[in-house]
Protein chains: 2
Amino acid sequence: MSFELRATQALKLLHDFGFGLVHDQAPDLSLRQLAVLLTVYLERPPHTVRGLAAKLKVTKPVITRALDTMGRFELLTRRRDPSDRRNVIVQRTVKGALYVERLGDLMAAKARNLPR
Amino acid sequence: MSFELRATQALKLLHDFGFGLVHDQAPDLSLRQLAVLLTVYLERPPHTVRGLAAKLKVTKPVITRALDTMGRFELLTRRRDPSDRRNVIVQRTVKGALYVERLGDLMAAKARNLPR
DNA sequence: CGAATTCGTTACGGAGGCGTATTGTTCCCT
DNA sequence: AGGGAACAATACGCCTCCGTAACGAATTCG
């Protein structure tokens with residue numbers, strides 16, 4: 001099992017994947033929002049607004065708004081940190097987990113159809 | 001050279017890739033715009049507004065606007081079809097080719113760092 | 001030739017994005 | 001306790017996006 005993905009194959013994968021998402025009427029997230037979502041689901045908690053902003057090198061309102069939007073889709077939730085009530089902890093949701101899982105499956109499926 | 005990309009690996013790849021793009025201050029394109037761009041650069045010409053709209057299952061103004069935006073970044077150009085002057089042909093640009101190439105390279109690089 | 005069709009674009013009202021600057025809480029520290 | 005720092009959210013003005021509907025230009029067809 002190797003991952004020697006040539007650039008041309010990577011492009012086709014990206015194309016097919018993006019196509020699948022647009023085609024499926026999935027919420028049209030921006031690359032930034034996607035990066036936030038995947039960070040929360042792939043990296044180790046806890047995730048704060050400040051931490052996410054620093055990690056992505058964007059301003060805090062960008063994160064707040066991304067959480068607003070994706071929260072509306074129920075892909076994420078916010079919770080106040082009990083130990084330091086200034087902080088907001090970003091949490092996963094069932095819907096979000098399913099959505100992320102679908103992303104992975106879709107991409108893996110598209111990778112399977114790549115020409116050698 | 002195989003492409004058995006597991007879903008979890010696909011997600012990490014997507015995460016790293018999105019991260020790289022956001023980090024590099026690349027124009028924050030939406031998934032739709034990315035799909036349009038890659039279609040033009042990967043599929044065989046000619047590409048018309050109508051054709052792209054049909055292929056992506058979106059309305060024509062969506063394509064027009066995507067061309068406006070990416071045209072501003074000089075990633076694409078429009079040209080009137082001489083043989084049927086109702087049509088607009090979407091064409092590649094040097095900047096666009098470089099940008100797309102960079103996308104492929106970035107993704108291939110991220111794939112190389114994937115855990116087995 | 002004139003009417004109907006086919007293009008891409010534009011207009012419109014509404015929604016959401018941006019960065020900067022400000023606000024309200026909560027915590028820290030002396 | 002009280003002043004300052006840290007945090008997330010909000011306000012602001014501006015820009016881009018959306019879908020629906022209307023539009024002008026070009027072509028096709030009767």
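Letters A, B, ... are given to chains in the order of the sequence lines, protein chains preceding strands, and every chain is numbered from 1.
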Subject >> Nucleotide dA9(D), atom P - distance to CD1 of Ile89(A) in whole Å >> reply: 11 Å
**OP:** Calculate the interatomic distance between Met70(B) atom CE and dT16(D) atom P; express it in whole Å.
**Re:** 14 Å
**OP:** Note the angle between the end axes of the helix from dC1(C)-dG30(D) to dT30(C)-dA1(D), five pairs defining each, rounded to 10 degrees.
**Re:** 10°
Subject >> Members of residues 41-66 of chain B that approach DNA chain D, where some heavy atom sits under 4.0 Å away >> reply: Thr59(B), Pro61(B), Val62(B), Arg65(B)
**OP:** Give, ordered by number, those residues of residues 73-87 of chain B having at least one heavy-atom distance below 4.0 Å to an atom of DNA chain D; if nothing qualifies, reply none.
**Re:** Asp84(B), Arg85(B), Arg86(B)
Side chains of [X] and [Y]: does their closest heavy-atom pair fall under 4.5 Å?
X: Val88(A); Y: Thr48(A); answer: no
X: Tyr99(A); Y: Leu29(A); answer: yes
X: Arg78(A); Y: Thr64(A); answer: yes

Show me the donor-acceptor pairs, under 3.5 Å and distance only, between side chains in residues 31-41 of chain A and residues at least two apart or in other chains.
from, atom 1, to, atom 2, distance (Å)
Gln33(A), OE1, Ser30(A), N, 2.9
Thr39(A), OG1, Ala35(A), O, 2.7
Thr39(A), OG1, His15(B), NE2, 3.2
Tyr41(A), OH, Leu75(A), O, 2.8
Tyr41(A), OH, Thr93(A), N, 2.8
Tyr41(A), OH, Thr93(A), O, 3.3
Tyr41(A), OH, Ala97(A), N, 3.4

Subject >> salt bridge (Lys or Arg N to Asp or Glu O under 4.0 Å) between Asp16(A) and Lys12(A), intermediate numbers included >> reply: CA-CA 6 Å; Asp16(A) 294 347; Lys12(A) 178 155 179 26; 2.9 Å; yes
Grab the two heavy atoms, one from [X] and one from [Y], that are nearest each other, plus how far apart they are.
X: Ala108(A); Y: Ala10(B); result: N-CB, 4.1 Å
X: Arg79(B); Y: Pro82(B); result: NH2-CD, 4.0 Å
X: Leu5(A); Y: Leu114(A); result: CD1-CD2, 3.8 Å

Original post:
Do any N or O atoms from the side chain of Arg85(A) and from the backbone of Arg80(A) form a donor-acceptor pair under 3.5 angstrom?
Top reply: no
Original post:
What pairs meet the side chain to side chain donor-acceptor pair (under 3.5 Å) rule with one or both residues in residues 49-61 of chain A, with sequence neighbours excluded?
Top reply: Glu43(A)-Lys55(A), Lys57(A)-His23(B)
Original post:
Excluding sequence neighbours, so at least two apart, what forms side-chain hydrogen bond (donor to acceptor under 3.5 Å, both in side chains) with Lys110(A)?
Top reply: none
**OP:** Only counting residues at least two apart or in another chain, list the ones meeting side-chain hydrogen bond (donor to acceptor under 3.5 Å, both in side chains) with Glu101(B).
**Re:** none
Original post:
What is the 5' to 3' range of DNA chain C, first to last nucleotide, that sits under 4.0 Å from any heavy atom of chain A?
Top reply: dG16(C) to dC27(C)
Just jot down the salt bridge (charged side-chain N to carboxylate O under 4.0 Å, His left out) partners of [X], sequence neighbours excluded, or say none.
X: Asp105(B); result: none
X: Arg92(B); result: none
X: Asp81(A); result: none

Distances for protein N/O vs nucleotides 13-15 of chain D N/O pairs under 3.5 angstrom?
none

Original post:
Do any side-chain nitrogens or oxygens of Gln33(B) fall under 4.0 Å of OP1 or OP2 in dT16(D)?
Top reply: no
